Amino acid sequence: MKNLKSIFVILFCLSLIALVGCSKPIPKEDTIATINGKAISKSEYMLYLYEATKDFNAIGGDDIWETDFDGQSAEDVVKERAFVTMLHVKVTSDKANKYQVSLSDEEKASAKIDGDAELASMTEEQKNIISISDQDMYKIMEDTLLYKKVIEAVTKDYQPSETEFHAYFEQNKESQRAAYTEYTISNIFVSDQQTAQQISQRLKEGEDFQTLLQEYPSDTQQNQNSGVMETYKNRLDSAFDMDFNLEQGQISEPISTTEGYFIIRVDKKSIPDDAQLKEIMRAEYTTAMKQKVFTDELNQWISDIEIERHEAVWNNVEMIP
């Protein structure tokens with residue numbers, strides 16, 4: 001679901017804040033924590049855990065669950081990340097009145113659509129573990145919309161310093177020129193390695209790439225992934241976990257991903273000049289600095305609240321398959 005998923009993207013680079021352990025008993029068995037005395041249900045937390053788990057799987061596949069994160073298991077890391085994300089969203093959305101932010105009827109309707117889509121994405125087993133009501137789901141979707149609107153309100157007046165931006169540009173322009181080299185690529189996606197190797201061999205023998213692209217759009221997943229797109233080198237590096245350095249006209253070997261296998265042809269490669277690069281980097285720099293402005297404000301809000309986590313409930317949280 002796009003709104004809640006985007007929150008995890010926003011928060012992915014934020015450090016985990018220190019959380020205060022629960023020293024006072026919380027009587028309700030379905031209460032996982034309180035924020036300034038307001039109870040947070042376990043089912044609400046479980047929805048965030050569901051999204052965080054999907055996020056981890058998308059990043060590292062099944063292997064990520066065997067990874068050691070500086071002495072923490074992947075399960076412990078994803079549980080903490082989900083908790084912190086939930087905390088950030090709730091604390092921020094609670095500031096809506098302060099910043100005169102509210103949702104329109106259209107936005108509330110959109111939140112309901114997103115909530116229904118989220119529920120539809122779950123298996124019956126996942127629904128049973130999460131155990132969230134429709135109304136609670138819709139409220140969480142509304143909170144994620146408020147979260148983003150509060151961020152916009154907090155940062156709307158920020159303008160980057162020209163002196164600081166110029167220094168940033170001069171220091172980083174060459175590395176960023178490579179990162180923002182633009183590629184137009186055609187790509188064939190197939191789900192199995194054997195088919196990918198067959199396509200690769202046929203291309204090496206001189207068959208036309210476009211002809212093969214039309215031959216392999218046989219299922220929904222392939223229709224979503226195969227085709228022509230324009231993107232930057234840094235996004236290709238991230239998507240394929242590699243240093244993407246093909247030149248115009250080159251065709252890749254099959255590239256393995258968690259979804260399947262891609263064969264890519266570079267149709268066009270464009271290296272930005274200084275003027276183009278400065279425009280791209282200004283937008284990137286402004287976004288990053290706005291995020292810092294918001295993070296500084298968020299950290300102050302966090303420091304002013306009392307967080308209590310019900311460890312008896314927390315210790316019995318079941319991971320979501």
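Remember, it's a predicted structure, so these values are computed and weren't measured experimentally. Throughout, numbering of the chain's residues begins at 1 and tracks the sequence.
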Ring pair (Phe, Tyr, Trp, His ring centres under 6.0 Å) partners for Tyr232, two or more places apart: Tyr180
Donor + acceptor pair across side chains of Gln197, Gln201 (<3.5 Å): no
Residues that Tyr158 engages under ring pair (Phe, Tyr, Trp, His ring centres under 6.0 Å), provided they are two or more places apart: none
Test item: Tyr50 and Ser121 side chains (from C-beta on) under 4.5 Å apart, heavy atoms: yes
Co-membership, hydrophobic cluster, residues Tyr183 and Ile271, 4.5 Å side-chain: no
Residue pair Tyr168 / Gln176, side-chain donor-acceptor N/O under 3.5 Å: no
Lys148/Glu107 salt bridge by N-O under 4.0 Å criterion: no
Pairing of Asp274 and Arg177 as salt bridge, 4.0 angstrom limit: yes
Donor-acceptor pair, side chain of Asn187 and main chain of Ile263, under 3.5 angstrom: no
CG/Asp76: more than 12 non-hydrogen atoms of other groups inside 6.0 Å: yes
Residue among Glu247, Glu182, Glu230 satisfying salt bridge (Lys or Arg N to Asp or Glu O under 4.0 Å) with Lys269: Glu247
Flag for Asp296-Gln300: side-chain donor and acceptor within less than 3.5 Å: no
